[in-house]
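Presented below is the structure to which this report refers.
Note that ligands are numbered from 1 as they come in the structure, with each ligand's atoms numbered from 1 the same way.
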Amino acid sequence: MTDDISSSGEKRPALIPATPPGIQRAAELLRAGRLVAFPTETVYGLGGDATDDRAVAAIFAAKGRPQFNPLIAHLPDLATAQRWAIFDDRAYELAQQFWPGPLTMVLPRPANSALSLLVSAGLDSVAIRVPGHPLAQALLKAAGTPIAAPSANRSGAVSPTTPHHVLESLGERVDGIVTGGKCQVGLESTVIDLTGPEPVILRPGAVLPEEMERLIGKIRVSAGDPTAPKAPGQLESHYAPSASVRLNAPSAEADEAFLTFGPDRFVFGGSTRLNLSLQSDLNEAAANLFSHLRQLDQSGAPRIAVMPIPDEGLGVAINDRLRRAAAPRP
Ligand code: TXA
Ligand code: MG
């Protein structure tokens, strides 16, 4: 990340007051691709522009997550949310009843969505939430773009409910923190998956299954660790290319599509090529990963060869995702 904030004489992160000018400032940072932590009624979120691949990659880097878990896209109201996900009757009913509030719905992504594929971690679905906190509302309206926001803590740490927690956990990894006091709910939103015929609760939260069942009928509560839904082992459903994937390839065969990394002028082979980052920048590589994989898959090549990616920083999450793509298919 660049250092415009510190070069303007301020310390990172900027502690942004919860005032109208503060909200404008936070919105500008977000629109410029920066990361801003902000309060919601559940926990503080680590926000970035959900249409900006680089900003979303920066969220994963700041959290130090070893995997690309899909993130929630936050929007100010139902009407705006309907531009970013496909709502059926059930989703519409739940939104009418529980938004704004601590409910997240996993819904199909529209084709050609401008939302970063990294937000969905390559899935064809997207998690959408309209938070009720007035500062979150004001910020989302001012930003005018969907904001991806996981809880504003380092991976594995507890979720933050005060600006102080955010500062302790993320420190200089975040560009700004909207200082809005303590979160009311203190527990992450309920996540309900509405992509299939049967609604499934992926993560329990303040909105209870029985409240929702009154509106949409029987809901299944997903088994497994409720604190880590869709955690590492549960990601099998992730988009896998239809081409087979060969890792750590120093060169490619003539019939292979080639996903390269770093300077590749003197690297041999490949029917089609895409470079994740000529400058060997892992943040840029993460930002390009899912869209490049899709494009190479669509080239029609039966196999995709992938150059070695350093296993450090965001490279750990990139390699995790590539290993899943290369794993034997059922
Ligand atoms: O209360 C909250 O939801 C907070 C505030 C900041 O809004 N955010 C939050 O985000 O808890 P995060 O990233 O920590 O949790 C998102 C959850 C994860 O369990 C993730 O697996 C699930 O939502 N999720 C997101 N997108 C999904 C998708 N497309 N399919 C299935 N699960 C998804
Ligand atoms: Mg979390």
Side-chain angles (χ1 to χ4, degrees), residues 35-48 50 56 59-60 62-65 67-76 81 84-86 91 98-110 113 115-133 135-137 139-140 146-161 165-166 169-170 174 177-178 180 183-196 199-207 222 224-239 290:
L35 303 188
V36 175
F38 63 96
T40 77
E41 69 276 35
T42 59
V43 298
Y44 272 74
L46 174 59
V56 178
I59 292 176
F60 286 103
K63 284 196 65 97
R65 264 189 189 173
Q67 280 98 15
F68 293 127
N69 293 344
L71 303 178
I72 300 169
H74 296 72
L75 291 149
W84 299 96
I86 299 169
F98 297 106
W99 279 356
L103 178 67
T104 296
M105 294 195 264
V106 176
L107 301 172
R109 264 176 86 107
S113 171
L115 211 68
S116 166
L117 275 173
L118 200 51
V119 167
S120 298
L123 292 165
D124 290 320
S125 57
V126 59
I128 300 269
R129 166 158 124 82
V130 172
H133 195 292
L135 288 172
Q137 281 278 326
L139 181 60
L140 292 169
I147 300 300
S151 49
N153 53 278
R154 293 279 287 171
S155 181
V158 291
S159 293
T161 50
H165 292 161
V166 179
S169 192
L170 292 173
V174 60
I177 304 175
V178 178
C183 304
Q184 274 172 9
V185 179
L187 185 73
E188 287 93 338
S189 61
T190 304
V191 180
I192 186 166
D193 182 352
L194 291 171
T195 56
V200 184
I201 304 260
L202 301 178
R203 180 174 74 183
V207 174
S222 164
D225 181 355
T227 61
K230 296 259 168 162
Q234 287 180 266
L235 294 174
E236 310 87 344
S237 61
H238 272 194
Y239 168 80
F290 289 105

Original post:
So is S120 in contact with ligand 1, going by heavy-atom distances below 4.0 Å?
Top reply: no

**OP:** Determine the minimum heavy-atom distance between P160 and H165, stating which atoms define it.
**Re:** CB-CB, 3.5 Å

Subject >> Proximity to ligand 1 by part of V106, non-hydrogen separation under 4.0 Å >> reply: side chain

**OP:** Considering non-hydrogen atoms only, spot the tightest contact between G180 and H133 and give its length.
**Re:** O-NE2, 4.4 Å

Original post:
Should you measure from each heavy atom of L202, which atoms of ligand 1 turn up under 4.0 Å away?
Top reply: 31 (C), 32 (N)

**OP:** Show which atoms of ligand 1 fall inside a sub-4.0 Å distance from at least one heavy-atom site of S151.
**Re:** 9 (C), 10 (O), 14 (O)

Original post:
Do the ring centers of F68 and F60 come within less than 6.0 Å of each other?
Top reply: yes

**OP:** Decide whether an N or O pair under 3.5 Å exists between N69 and ligand 1.
**Re:** no

Original post:
Who are the side chain to side chain contact (heavy atoms under 4.5 Å, CB included) partners of R109, not counting sequence neighbours?
Top reply: S113, L115, L117, S120, V126

Original post:
Among R203, H74, Q67, which residue places a heavy atom closest to atom 17 (C) of ligand 1?
Top reply: R203

Subject >> Donor + acceptor pair across side chains of T104, S189 (<3.5 Å) >> reply: yes

**OP:** Working to the nearest 0.5 Å, report the span between OG1 of T161 and CG of L187.
**Re:** 11.0 Å

Original post:
Given P39, P70, A85, which has its nearest heavy atom closest to atom 24 (N) of ligand 1?
Top reply: P70

Subject >> N or O contact, E188 vs ligand 1, cut-off under 3.5 Å >> reply: no

Original post:
Is the number of heavy atoms from other residues, nucleotides or ligands under 6.0 Å of Q137 CD greater than 12?
Top reply: yes

Subject >> Per-atom contacts of ligand 1 with A149, taking only distances under 4.0 Å to non-hydrogen atoms >> reply: 6 (C), 8 (N), 10 (O)

Subject >> Atoms in ligand 1 with a heavy atom of S189 nearer than 4.0 Å >> reply: 1 (O), 2 (C), 3 (O)

Original post:
Non-hydrogen atoms of P131 versus ligand 1: any pair closer than 4.0 Å?
Top reply: no

Original post:
Out of curiosity, R129 CZ to H74 NE2, how far, rounded to the nearest 0.5 Å?
Top reply: 4.5 Å

Original post:
Between K63 and ligand 1, which part of the residue brings a heavy atom under 4.0 Å of the ligand: side chain, backbone, both or neither?
Top reply: neither

Original post:
Can you list the atoms of ligand 1 that are under 4.0 Å from a heavy atom of R65?
Top reply: 13 (O), 14 (O)

**OP:** State the atoms of ligand 1, each with its element, that fall below the 4.0 Å cut-off from a heavy-atom position in G45.
**Re:** 6 (C)

**OP:** For the residue pair R203 and S222, confirm or rule out a side-chain donor-acceptor distance under 3.5 Å.
**Re:** no

Original post:
Counting heavy atoms only, which of A127, P150, A121, A37 is nearest atom 12 (P) of ligand 1?
Top reply: P150

**OP:** Show which atoms of ligand 1 fall inside a sub-4.0 Å distance from at least one heavy-atom site of S125.
**Re:** 28 (C), 29 (N), 30 (N)

Subject >> Shortest non-hydrogen separation from I128 to I72 and the atoms involved >> reply: C-CG2, 4.3 Å

Original post:
Do any heavy atoms of I72 fall under 4.0 Å from ligand 1?
Top reply: yes

**OP:** Would you kindly specify which portion of D193 sits under 4.0 Å from ligand 1, judged on non-hydrogen atoms: side chain, backbone, both or neither?
**Re:** neither

**OP:** Search all heavy atoms of L107 against all heavy atoms of T195 and return the closest pair with its distance.
**Re:** C-CG2, 3.8 Å

